[in-house]
There are 2 protein chains.
Amino acid sequence: MAGKRVTLADVARRAGLSPTSASMILNGRSDTRLSQDAHDRVIKAAAELGYRPNVAARGLRTDRTDTIGFISDVVATTRFASGLIKGALDRAHDAGHVLIVLETAGEPRREAEAVEAALDRQVDGVIFATMRSRELYVPPVPDGTRVVLLNATNELHPVSILPDEYAGGRAAVDLLAAAGHREGILLLGHNAEKERGLFRSMTVERRFAGIRDAMAEHGLQFMAEESIWLWEPENGYAAMTKLLKRHRSSLRAILALNDRLAFGAQQALTEAGLRVPDDVSIVSFDNDELASYMRPGLTTIALPHEAMGTAAVDAVLDPERTGEILVPMPVVERASIAAPRS
Amino acid sequence: MAGKRVTLADVARRAGLSPTSASMILNGRSDTRLSQDAHDRVIKAAAELGYRPNVAARGLRTDRTDTIGFISDVVATTRFASGLIKGALDRAHDAGHVLIVLETAGEPRREAEAVEAALDRQVDGVIFATMRSRELYVPPVPDGTRVVLLNATNELHPVSILPDEYAGGRAAVDLLAAAGHREGILLLGHNAEKERGLFRSMTVERRFAGIRDAMAEHGLQFMAEESIWLWEPENGYAAMTKLLKRHRSSLRAILALNDRLAFGAQQALTEAGLRVPDDVSIVSFDNDELASYMRPGLTTIALPHEAMGTAAVDAVLDPERTGEILVPMPVVERASIAAPRS
DNA sequence: ACGTCGTGCTAAATGGATTTAGCACCGACC
DNA sequence: GGTCGGTGCTAAATCCATTTAGCACGACGT
């Protein structure tokens, strides 16, 4: 609607000063000797005209655009991705920055294109996010540009935001132990023997480590460890249906490696006439949307999407932050854990 | 890594020509009289140096930045939002454009801020998206900037992308009718009498209309229409539990107004010992993630998130497109509909 | 009376591209 | 020989804001 944009020259003209003066005043530079009166006139003129600086023009001169590139392999498929984006968006907004969001589907060609598209627009920094945490290839980037890895790592750019999976793994075990579980505990989704040499993701390895260490410290052992490669509901359902044939009588608790497995497992339990948590307790990971829809609600160790997103933007903005930044995984207690049936 | 960016001047120098010539050649202008040899030299120099134009600088001159602002009230909460974004992202990528994503939480202050942040960066157009379709307030925007409403409408900017809910509503009824259902059909989520005067959302009203018309054409009537204000699983569960007391024996099919209600309802059915689809058929709307996790899978009329997102970018890019653009809602057939038990 | 210093402000360069206006040269034609 | 037209290319302006270098003026000191 409005005609065209107001420029700095317009403001200066209205204030009866040069653009130089107007620029200095609006940028709040303290070392100028401009009069109080000049200040007042410029501020007033800018307000009256509704002046907003042209970020592109400014960026040309200053090399800062208050714009960050957010490059992710996947954005829509998982709630995880959108949580990261939302966290990043919120923090960027607080800091007066803006996000250019790009998706690569994990294809190297598109990754390179995305970086270029971002750099073409003079972004101040780039965030690389992956869903399956891993060492990520990062195309070359000019010197001044901050690079932050979100749920990923890279040798050349040692700034990574990761969930504290080790502590999370421990927390899950602690929850079962605290409820009094000592026996009949099933690990659903992973079997260290069978999966030897297979790589899932950096962070999930840490989750396993946390679980293993905590089990040992509590002096506990799993009744069974079921390897499942794809952690989707149907696989949880299938595995659980099968497992119930052998372990039905001794099963007391399930430590599922994510909520989707837990969801499927619970469907199988329900169909078999077992009740959660009276007969079997369940704890799991991620705090997927599903977890809150289950009946009873699923107790789970949350993947802190949004906190990771905000941490990533913080890291771009603050060059001091460096190294591995671990974001705690909150325990979300719902109603799927109870004391074991004797 | 790389030192600093290569500029057009660098390319021109290497080709032994002026920036003017280099610019014209790289932009493929046909009306110049530059020699074939000059063309070759410039193209070669640009390739060797890895030249990429600075979009900000170009935008300053041309008022085009190949950048689109995507302003949404909510991004992470629903899968719907991220589907829209993904669709938009993909199409933008195809067209060599980039998206600045902004979130407003539906607050007018943040909406205004978001528009300004986008305009400050010289975007070519702005997409306004809402989750609950409605007439949306759009802050003033300069003349040349395209504005497209996504799942929303606005008087001043008559370019709207909307799901074809009317047809979708009809499709749901058709599905039940085709399976042979004539009686014992429950409408779950809305009661026209009780909700008279209450406004849910533009598109949902059309969904109702489609359902109503199709029912009439098939000569059918609902056994009951249950008003539920919040379409969440727990509400579906609660309503269904209650309804079963009265209608258990005659109930044959449920037309749920979204998948979350259907999900809750199905939990109630299962607990009551009724089986889907043998005892009761279910059809619903949205194609929420949940729908594929249910056992059996839920047949549903999909909200075409991604298609809507791509349509929005198309509309920004093509000034010819105008008016209400209706995107079809695909029927996703799974396994929740069967012929009625006699 | 003249140099010095502080005060208040501005001209012009800059960043990287596009675009307008026009220059220099060559051959053809009268 | 002068003019006209075409060919091949470039200087300079422009977009908008920031920044460097420095001008003009008055007061002060000696």
Side-chain angles (χ1 to χ4, degrees), chain A residues 3-42 45-46 49-67 116 119-124 142 144, chain B residues 3-42 45-46 49-67 116 119-124 142 144:
Chain A
K4 58 172 88 78
R5 284 181 71 95
V6 175
T7 73
L8 182 62
D10 297 329
V11 174
R13 199 171 308 118
R14 178 173 251 251
L17 287 166
S18 70
T20 307
S21 307
S23 171
M24 289 172 147
I25 289 170
L26 290 175
N27 286 313
R29 297 184 45 152
S30 50
D31 57 329
T32 83
R33 297 182 299 260
L34 295 159
S35 65
Q36 185 57 50
D37 183 50
H39 276 81
D40 295 345
R41 269 149 51 212
V42 168
L49 296 174
Y51 171 69
R52 307 215 90 220
N54 179 324
V55 175
R58 166 189 289 167
L60 210 49
R61 200 70 246 270
T62 59
D63 274 335
R64 299 195 51 257
T65 52
D66 294 356
T67 304
E116 306 219 302
L119 294 177
D120 289 351
R121 286 161 183 84
Q122 309 273 101
V123 293
D124 298 342
Chain B
K4 57 173 88 78
R5 283 180 73 94
V6 174
T7 72
L8 181 64
D10 297 330
V11 173
R13 199 171 309 120
R14 178 173 250 252
L17 286 166
S18 70
T20 305
S21 306
S23 170
M24 288 172 147
I25 289 171
L26 291 175
N27 287 311
R29 297 183 45 151
S30 50
D31 55 330
T32 81
R33 297 183 300 259
L34 293 160
S35 65
Q36 185 58 46
D37 184 50
H39 276 80
D40 296 345
R41 269 149 53 213
V42 168
L49 295 174
Y51 170 68
R52 306 215 91 220
N54 180 324
V55 175
R58 166 187 289 167
L60 208 50
R61 197 71 242 269
T62 60
D63 272 336
R64 299 194 52 257
T65 52
D66 293 357
T67 303
E116 307 219 301
L119 294 177
D120 289 351
R121 287 161 183 84
Q122 308 272 102
V123 294
D124 298 342

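Order of the sequence lines fixes the chain letters, A, B, ..., with proteins taken first and strands second; residue numbering starts at 1 for each chain. Note that the structure is a prediction, hence the values are computed from the model and not measured.
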Integer-rounded Å distance: dG8(C) C1' and Ile25(A) CD1 = 11 Å
Separation of atom CZ in Arg64(A) from atom C1' in dG15(C), rounded to whole Å = 16 Å
Ignoring hydrogens and angles, answer whether the base of dT19(C) and the side-chain atoms of Thr20(B) contain a donor-acceptor pair closer than 3.5 Å.
-> yes
Any side-chain donor paired with an acceptor under 3.5 Å for Thr20(A) and Ser23(A)?
-> no
For the residue pair Gln122(A) and Arg121(B), establish whether any side-chain heavy-atom pair is separated by less than 4.5 Å.
-> no
For Tyr51(B) and dG16(C), give me the distance from atom OH to atom C1', rounded to whole Å.
-> 7 Å
Base, sugar-phosphate alone, or nothing: which one does Asp63(A) contact when heavy atoms must sit under 4.0 Å apart?
-> nothing
Base, sugar-phosphate, or nothing: which does Arg52(B) touch, judged by heavy atoms less than 4.0 Å apart?
-> sugar-phosphate
Nearest atoms (heavy-atom pairs only) where Asp124(A) meets Asp63(A) = OD1-O, 4.0 Å
Axis bend over the full length of the helix from dA1(C)-dT30(D) to dC30(C)-dG1(D), computed from five pairs that close each end, to 10 degrees = 90°
When we call it a touch if two heavy atoms are under 4.0 Å apart, what does Ser23(B) touch: a base, just sugar-phosphate, or nothing?
-> base
Test item: Asn27(A) and Arg58(A) side chains (from C-beta on) under 4.5 Å apart, heavy atoms | yes
In terms of the nearest nucleotide of DNA chain D, which residue is placed more toward the 5' end: Leu60(B) or Ser35(B)?
-> Ser35(B)
Check every strand shown and say whether Arg29(B) touches a base, only sugar-phosphate, or nothing at a heavy-atom separation below 4.0 Å.
-> sugar-phosphate
With a 4.5 Å heavy-atom cut-off, do Asn54(B) and Thr7(B) have their side chains touching?
-> no
So what does Ala38(A) hit on the nucleic acid, given a heavy-atom distance under 4.0 Å: a base, only sugar-phosphate, or nothing?
-> sugar-phosphate
Identify, between Ala9(B) and Ser18(A), the residue whose nearest nucleotide on DNA chain C lies closer to the 5' end.
-> Ser18(A)
Leu26(B) vs Leu8(B) side-chain heavy atoms within contact, under 4.5 Å | yes
Could you state the atom-to-atom distance from CG of Leu8(B) to P of dA17(C) in whole Å?
-> 5 Å
Mind checking Ser21(B) for me? I need base, sugar-phosphate or nothing, with any heavy atom below 4.0 Å counting as a touch.
-> base
Could you state the atom-to-atom distance from CZ of Arg121(A) to P of dG16(C) in whole Å?
-> 17 Å
Keeping the roles fixed (side chain from Arg5(B), backbone from Arg52(B)), state whether a donor-acceptor pair exists under 3.5 Å.
-> yes
Heavy atoms, side chains only, cut-off 4.5 Å: are Leu119(B) and Pro142(B) in contact?
-> yes
Arg41(B)/Asp37(B) salt bridge by N-O under 4.0 Å criterion = yes
Is any side-chain nitrogen or oxygen of Arg61(A) closer than 4.0 Å to OP1 or OP2 of dT14(C)?
-> no
Do the side chains of Leu49(A) and Arg13(A) get nearer than 4.5 Å, heavy atoms only?
-> no
Would you indicate what Arg33(B) reaches in the nucleic acid, counting non-hydrogen atoms under 4.0 angstrom: base, sugar-phosphate, or nothing?
-> base
Per nearest nucleotide of DNA chain C, the residue lying toward the 5' end, Ala56(A) or Leu34(A), is Leu34(A)
Using a heavy-atom cut-off of 4.0 Å to chain A, what are the terminal contacting nucleotides of DNA chain D, in 5' to 3' order?
-> dC16(D) to dT20(D)
Given atom CG of Asn27(B) and atom C1' of dG16(C), what is their separation to the nearest angstrom?
-> 13 Å
